[in-house]
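Worksheet: the structure to be examined is printed underneath.
Note that ligands are numbered from 1 as they come in the structure, with each ligand's atoms numbered from 1 the same way. Just so it is clear, the values below take in all heavy atoms, side chains as well, and ignore hydrogens, waters and symmetry mates.
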Amino acid sequence: MLNVRDDSTGDKKASTLLATIADLTATPDDVKPGEPVTFYANASSSTSSSLTFIIYYDSELPDGSNNTQSPYDVFVTGNPGSIVATHTYDHVGNLTDEYGTYFLVKLYVYDGSSVTFKREWVWVVDNHEPTFTLSLPPGQQLEIGEAFNFSASVVDKDGDSLTATWEFGDGTPDAVNETGPAAAGVWINQTHAWTPVIVPGTGDYYVSFIMNLSISDGNGGFLNDTVEITIWIDHNFSPVISLSTARNTVDPSDEVLLVGRANDYEGESMTWTFVFNNSVTDYHSEVYYTPETEDNATVWVNTTHTFGAIGNYTVTLWVSDTVEDLQTGAHNKSYPIVLNVQVNRAPFVLENITVSPAEPLFNTTLGFALVTCSTEVNDPDGDALTITWDFGDGTDLAVDVTPAVTATYTVSHSHNYTVAGYYNVTMVVSDGRDGHDVVKYKFVAVASNNRAPSVRAFNIALSHGVFGLPGTNVEISLVLTDRERDSIVVFWDFGDNSTLVRMESSLFDETGNCTFFVNYSYDVAKEYTITVWFTDNQFGSSSVHNNTAFSLVSIRGVSLETDRYWNTLDYAGLVLLFGGVAFIFARWIYLGRKRRKLDMMGMTLEEYNILQMERGSKFDRRGRTSGGSEGGLNP
Ligand SMILES: [Ca+2]
Ligand SMILES: [Ca+2]
Ligand SMILES: [Ca+2]
Ligand SMILES: [Ca+2]
């Protein structure tokens with residue numbers, strides 16, 4: 001080796017140098033050990049007729065110092081001159097850069113008075129790194145969960161088969177591609193979707209991931225690439241909430257139901273906080289959590305609270321769709337309601353029950369009478385009122401419920417009475433609180449055209465006709481009739497302070513008579529009045545369906561004249577007596593007139609009668625024969 005040194009690090013030449021190196025090339029400049037490399041160089045000088053080329057094939061040690069052990073060749077040429085040198089490295093380069101191991105080649109050219117140099121790099125490697133012919137993009141923006149296909153083209157000069165490992169940076173398992181020999185280049189493809197975990201209630205920002213692709217040729221050669229994945233997290237909407245109670249005025253003892261409602265556009269889990277304020281301080285709070293739901297689904301959280309004392313209270317519901325540290329502003333919505341806590345008051349009935357129609361009439365066609373009962377009720381607290389109707393006819397109770405309002409409410413209920421009669425309608429108005437019931441009554445008269453029973457005969461037979469004796473049997477018969485043949489009840493009062501006797505019958509004969517027979521005896525001689533009270537227990541248009549009949553009974557200790565109850569036969573006898581007297585008187589007048597007429601004709605009545613009898617044996621007074629054929633003489 002020539003004792004020439006130059007520690008400069010470039011191709012620069014001193015302007016005073018006369019020798020010039022035009023070219024220095026190595027072909028190929030990337031070989032494996034044992035593969036020859038051909039060097040070409042040419043140079044010239046302005047002062048000399050010959051040039052000396054000295055080429056060091058391994059000029060520099062890893063620490064940057066000159067390698068005094070470098071193999072070299074020396075060539076002497078004319079001026080200008082060129083050389084072709086061949087060198088075969090038997091081991092990999094002693095220096096290393098990003099492309100592999102290499103040798104630094106240094107060429108000196110000497111023209112007798114000056115020297116110059118030039119460097120060249122020759123990579124001598126056991127194995128070539130794979131390289132991209134088409135690399136991945138440096139960055140990629142995606143949607144949440146969007147599947148994206150990444151493609152790269154890679155070549156390995158050694159023809160190695162490649163293993164590509166994808167690290168996605170999102171905690172999911174790595175993906176691996178295995179290729180065939182890659183001397184001519186291979187495509188590596190991988191599809192992946194990133195689904196970042198989003199903090200509830202947050203949005204309007206990017207989430208990024210670094211995806212790393214690592215390619216190995218199995219011989220120590222590696223190729224890496226990274227891609228930044230960015231995902232835009234959309235705006236997150238705060239929940240929409242409300243809080244309600246059935247009423248805003250409550251009793252201190254009421255267990256008040258508070259209904260919280262919220263829906264979150266993203267269906268996120270929510271934190272619910274009820275805060276109770278008594279106009280002085282927040283004296284109580286309750287916290288609840290609800291899980292994720294479908295987007296915008298409505299979620300309820302209810303609680304109950306007893307306020308215990310009168311006053312004005314505010315209950316505020318706070319609902320947040322995010323984690324505790326972020327529960328502020330729009331992501332902690334509030335909804336207050338005000339409650340007036342005061343002692344509850346009983347309801348009022350503004351007017352008693354009114355009945356429509358005022359005089360209901362049983363409709364025999366329909367089989368009922370439709371009656372509507374109405375009233376006006378009010379609860380000053382706005383309680384819903386329960387009105388319970390008892391229509392007094394044994395049917396089930398009817399119930400009406402008013403809305404929970406403070407306004408006066410007209411409540412009415414219709415009912416069908418299937419039987420005419422008097423009914424006691426009862427109405428109980430309740431606001432659901434002990435001791436607050438209001439009760440009202442109303443009598444309802446449902447009329448019908450049923451007829452009351454009536455008397456056809458009331459006969460009493462005494463032992464002595466017009467009177468009876470003490471201890472003798474008094475036969476009494478009462479004949480009643482009823483158009484509808486309703487069962488008839490009879491009460492007997494025999495006028496002697498004895499117990500009333502009750503009888504009932506529904507036996508009517510074909511003429512409609514229902515007859516009651518009673519045998520009775522009196523112990524004491526006295527005038528008695530028998531009173532009989534009877535009814536068909538119906539309710540008709542005549543309204544009075546009970547009636548009374550009287551009869552006098554005379555009981556005598558001795559035979560005394562007695563008043564007698566004149567019956568039909570008595571009157572008929574009287575008519576016959578007067579009728580007989582009138583006939584005899586009329587006959588006497590007629591015969592007197594006839595006798596005077598016959599005197600004027602010179603004939604006594606007896607002679608005339610004999611003459612008439614003789615004629616009557618032949619002819620009757622109408623000119624017919626009494627027993628023979630028609631014809632004969634006329635008088
Ligand atoms: Ca390789
Ligand atoms: Ca939300
Ligand atoms: Ca009330
Ligand atoms: Ca009747």
Just checking F168 against F209, ring centres under 6.0 Å apart? no
More than 12 heavy atoms from other groups under 6.0 Å of CD1 on I210: yes
Around atom OH of Y288, are there more than 12 heavy atoms of other residues, nucleotides or ligands at under 6.0 Å? yes
Do the side-chain N and O atoms of D234 and W232 include a donor-acceptor pair separated by under 3.5 angstrom? yes
So does Q342 have more than 12 non-hydrogen atoms from other groups sitting under 6.0 Å from CD? yes
Does atom OH of Y205 have more than 12 heavy-atom neighbours from other groups under 6.0 Å away? yes
Around the Ca ion (ligand 4), what protein N, O or S atoms are found below 3.0 Å? N450 OD1, R451 O, D482 OD1, D482 OD2, E484 OE1, D486 OD2, D536 OD2
Where the Ca ion (ligand 3) is the corner point, what angle links OD2 of D381 with OD1 of D379, to 10°? 80°
Between D170 and T172, do the side chains contain an N or O donor and an N or O acceptor separated by less than 3.5 Å? yes
Near the Ca ion (ligand 2) (protein N/O/S, cut-off 3.0 Å, waters excluded) we have N236 OD1, F237 O, D264 OD1, D264 OD2, E266 OE1, E268 OE1, D321 OD2
Consider only side-chain N and O atoms of W389 and D400, and report whether a donor and an acceptor are under 3.5 Å apart. yes
Is the Ca ion (ligand 3) under 3.0 Å from any N, O or S atom of R345? yes
Check: E268/N236 side-chain N/O donor and acceptor closer than 3.5 Å: yes
Taking atom CZ of F348 as the centre, does the number of heavy atoms from other residues, nucleotides or ligands within less than 6.0 Å exceed 12? no
Given atoms OD1 of N344 and OD2 of D431, what angle do they subtend at the Ca ion (ligand 3), to the nearest 10 degrees? 80°
Among V287, V299, I241, L243, find the residue that satisfies the side chain to side chain contact (heavy atoms under 4.5 Å, CB included) test when tested with W272. V299
